[in-house]
Structures are given as C-alpha cells and as structure tokens.
There are 2 protein chains.
Amino acid sequence: MTLTNNTFIGEYAYALDLKGRVNVPAKFRQALSKENKNTFIITRGMDSCVWVYPLIEWQKIEADLRNLSSLSNIHRTFVRNTARYASPSTYDKQGRITLSPSLVEYAGLEKDVLIIGMINKMEIWNPSELKRTDNNTIKIDPTAYDDLADKINI
Amino acid sequence: MTLTNNTFIGEYAYALDLKGRVNVPAKFRQALSKENKNTFIITRGMDSCVWVYPLIEWQKIEADLRNLSSLSNIHRTFVRNTARYASPSTYDKQGRITLSPSLVEYAGLEKDVLIIGMINKMEIWNPSELKRTDNNTIKIDPTAYDDLADKINI
DNA sequence: GGAAGTTACCCACAACTACCCACAATCTTA
DNA sequence: TAAGATTGTGGGTAGTTGTGGGTAACTTCC
C-alpha cells in the first residue's frame with residue numbers, strides 16, 4: 001500500500017547505527033522513487049530536529065532562493081543560512097540514509113530516533129527532545145491553535 | 001551522488017595549503033564538469049569571502065553587466081568593481097583550485113576554511129569571519145529576515 | 001642568457017564513504 | 001500454520017576523496 005504522491009504522514013521508530021545511518025520508512029520510499037531519483041535533501045529543522053525533503057519539494061525552495069540577488073545583504077544571509085546546512089543524499093540498497101555527525105549533534109540524536117511525516121517532508125527526532133518541544137509550544141500560547149481554526153477545516 | 005544542475009548547497013571544511021590550494025567539494029565538481037569545461041570564475045565576495053562561480057552562472061552576470069550603460073556613474077563603478085577582481089581558473093587532477101595571495105588576504109583566509117554552497121555559486125570563508133558577519137547581519141534587521149522566511153515557505 | 005622565483009602537473013598515501021552481503025524479525029499469502 | 005517475501009540492523013571491503021610534497025616547465029629580472 002503506497003502513499004499519496006510525495007505526501008508524508010505517520011510516525012516510525014528506528015535505530016540510528018554507529019555509522020550515522022537511519023532507515024527511511026518503507027512507505028515513504030515508495031512514494032519517492034520515481035520523480036525524485038531516490039534523492040533527498042537533508043538539513044537542519046527549525047526545531048531541534050532534522051528535516052528531510054524529497055528532491056521535488058526542495059527544488060521549489062531552491063527556485064525561490066535563486067531569485068534573491070546577492071547584492072542585498074539580508075538576501076545573502078538568508079540564502080547562506082538556508083543552503084549551508086542542506087545536503088543531498090540517496091538511500092542505500094537497504095533503504096537507509098546517512099546523517100552527518102554535525103546534523104546528529106544539532107538534533108541531539110541518540111540511538112532511538114522517531115521519524116515523523118510532515119506532509120511535504122519528514123522530520124527525524126530524538127523522542128525526548130520532541131516531547132520537550134511539544135510541551136513548551138503549547139504552554140507558551142494555549143490559544144494559538146484557535147487562530148488556525150478558520151484556515152483549516154479539520 | 002551528484003547535485004541538481006549547477007546548484008550548490010551544503011557546508012564543507014577544508015585546509016588551505018601552503019601553495020594557496022583549496023579542495024573543491026566532490027559534489028560540486030560533478031555538477032560542473034559538463035557545460036562548464038571545469039572552469040570557474042573566482043572573485044571577491046561582497047562580504048569578507050571569496051566567490052566562486054561556475055562558468056555558466058558567471059556568463060549570466062556578464063550578460064547583465066553588458067546591459068548597464070556606462071553613461072551612468074554608478075553603473076560604471078559597479079561594472080568596474082565586479083569585473084576587475086574576477087579571474088578564471090580550473091581545478092587540478094585532485095580537484096583543487098589555487099587562490100591568489102591577494103584573494104587570500106582579502107578574505108582573511110587561514111589554514112582552516114569553510115566552503116558554503118550558495119545555490120548559484122560557492123563561498124570560501126575563514127570560519128571566524130563568517131560567524132562575525134552572520135551575527136551582525138541578523139542583528140541589523142531581524143524582521144526583514146523573518147519576512148523572507150515567511151515568503152519562501154520553507 | 002642564466003639564476004631565482006613562481007606556477008602547473010604528477011604521484012603517494014591516509015582517511016573516509018558508499019556499496020555489498022548477511023541475517024534476524026516481521027508481515028503476507030496460500 | 002507454514003513458506004515466502006519484505007523490512008530493519010550490523011559489519012566488511014573496495015573505491016573515492018582530501019592532503020602533502022616533488023619535479024618539470026615557465027616567468028621575471030638582472
């Protein structure tokens with residue numbers, strides 16, 4: 001049973017091995033193989049996690065970045081900070097991607113990791129880090145969800 | 001694993017040797033070889049860094065410069081300063097380019113350098129210089145930065 | 001024209017990465 | 001329930017990548 005086109009949902013628990021490899025959920029692999037040439041773009045997430053984009057999704061971001069002229073100081077900085085932590089990767093014959101030591105450190109990943117579908121990308125978390133982030137966010141602004149209510153008809 | 005067409009992303013740490021040579025990240029080399037005839041245009045960056053364009057990207061800039069009339073003072077100055085520091089270069093059999101002493105001095109490069117993918121070009125930095133520039137820019141105008149992030153929909 | 005300095009090309013080696021194989025655990029199907 | 005297929009995890013190895021240094025060709029300057 002494969003997923004909708006390039007759409008990631010669900011939660012999966014895997015082990016990060018000593019070489020920095022993590023499994024990509026089988027369901028996600030199938031949704032990716034054709035147009036994306038088995039390629040992901042791996043980068044820092046905005047929380048303490050790793051973001052993994054399928055090539056097609058990343059190319060949308062890339063196209064936007066291309067339109068920012070380096071004559072502008074703030075544009076340069078933005079392009080740099082977006083591009084700098086990203087790197088392409090394919091999964092191996094067993095369906096795993098390799099995370100760089102610097103990404104593992106950034107996200108505070110240990111042996112047990114959680115992969116979460118985020119519709120257009122997936123996230124890789126240290127489970128305890130996720131729990132903390134989650135608690136904090138909702139504590140800061142308990143009514144934040146309410147503002148979304150008229151945008152999303154759940 | 002090769003990159004998207006002529007697109008540079010990621011961050012790589014290398015050593016500048018006594019002869020002024022730096023490695024070009026293997027991933028960048030592959031994206032370049034065909035249309036670009038292994039040729040780069042190396043020049044001063046707008047921050048304290050070195051910019052390295054693949055030939056194809058540089059030719060786009062050249063085309064734009066051709067359209068700036070020399071009747072305008074500011075145009076003349078801009079064309080002059082863009083053209084004067086640029087020089088072509090190829091990488092050697094081991095994949096390294098040689099930087100001129102004047103560029104090394106301009107960017108304040110020492111032994112450890114950081115190469116950063118900037119979508120249409122790459123930058124060569126002294127890591128401590130980069131940290132300073134980065135902090136300053138975001139401090140100057142944090143909301144402009146957020147506006148960009150919002151527009152690009154990362 | 002010859003010496004000194006500079007540049008470009010070549011070789012060598014250490015470190016790392018990607019690829020391959022193996023096997024256990026889980027799921028599917030008959 | 002048993003057999004086969006798929007999925008998740010570990011480790012070995014060949015090939016690639018990064019770095020240093022040597023030598024020959026080419027410039028520059030007296």
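Naming: A, B, ... by sequence-line order, numbering from 1 per chain.
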Exercise for the section: Starting from the first five and the last five pairs of the helix from C:dG1-D:dC30 to C:dA30-D:dT1, work out the angle between the resulting helix axes, to 10 degrees. Expected result: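 The end axes of the helix from C:dG1-D:dC30 to C:dA30-D:dT1 are about 40° apart, to the nearest 10°.
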Can you tell me which nucleotide in [options] comes closest to the side chain of [X]?
X: B:Arg96; options: D:dG21, C:dC21, D:dT17; result: D:dG21
X: A:Asp17; options: D:dG20, C:dA8, D:dG10; result: D:dG10
X: A:Asn23; options: D:dG8, C:dC9, D:dT19; result: D:dG8
X: B:Arg21; options: D:dG20, C:dA8, C:dC21; result: D:dG20

Exercise for the section: For D:dG20, take OP1 and OP2 only and decide whether either is under 4.0 Å from a side-chain N or O of B:Lys111. Expected result: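 For D:dG20, OP1/OP2 do have a side-chain N/O of B:Lys111 under 4.0 Å.
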Problem - Short side-chain N/O contact to D:dG8 OP1/OP2 from A:Arg29, under 4.0 Å - result: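 A:Arg29 to D:dG8 OP1/OP2: side-chain N or O found under 4.0 Å.
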Euclidean distance, atom [atom1] of residue [X] to atom [atom2] of [N] [Å, nearest integer]:
X: A:Tyr14; N: C:dA24; atom1: OH; atom2: C1'; value: 16 Å
X: B:Tyr91; N: D:dT19; atom1: OH; atom2: P; value: 17 Å
X: A:Asp92; N: D:dG10; atom1: CG; atom2: P; value: 13 Å
X: B:Leu99; N: C:dT7; atom1: CG; atom2: C1'; value: 14 Å
X: B:Lys93; N: C:dA12; atom1: NZ; atom2: P; value: 11 Å
X: B:Lys19; N: D:dG22; atom1: NZ; atom2: C1'; value: 7 Å
X: A:Ile97; N: D:dG8; atom1: CD1; atom2: P; value: 13 Å

Handout entry: Side chain B:Lys111, main chain B:Leu18, donor-acceptor under 3.5 Å
Key =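 Not at all, since once roles are kept as given, no pair shorter than 3.5 Å links the two residues.
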Problem - Exam field: side chain A:Tyr106 to backbone A:Gly45, donor-acceptor pair closer than 3.5 Å - result: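 Confirmed, A:Tyr106 side chain pairs with A:Gly45 backbone.
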Exercise for the section: Using only heavy-atom distances, determine whether the side chains of A:Arg132 and A:Asn126 contain a donor-acceptor pair under 3.5 Å. Expected result: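 Side-chain D/A pair, A:Arg132 to A:Asn126: absent.
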Exercise for the section: Identify whether the distance between the nearest side-chain nitrogen and carboxylate oxygen of B:Glu57 and A:Arg66 falls below 4.0 Å. Expected result: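 Looking at B:Glu57 and A:Arg66, the cut-off is met.
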Problem - Nearest heavy-atom neighbours spanning A:Met122 and A:Pro25 - result: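 Scanning both residues, the minimum pair turns out to be SD-CD, 4.5 Å.
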Practice task
Specify the residue among B:Gln94 and A:Leu18 whose closest nucleotide of DNA chain D lies further upstream toward the 5′ end.
Solution key: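 Residue closer to the 5' terminus by nearest nucleotide: A:Leu18.
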Problem - Among B:Tyr91, B:Tyr53, B:Trp58, the one residue meeting ring pair (Phe, Tyr, Trp, His ring centres under 6.0 Å) with B:Phe40 - result: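 The passing option is B:Tyr91.
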Problem - A:Arg44 NZ/CZ over A:Tyr85 ring centroid, <6.0 Å and within 45° of normal - result: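 The answer is yes; both the distance and angle limits are met.
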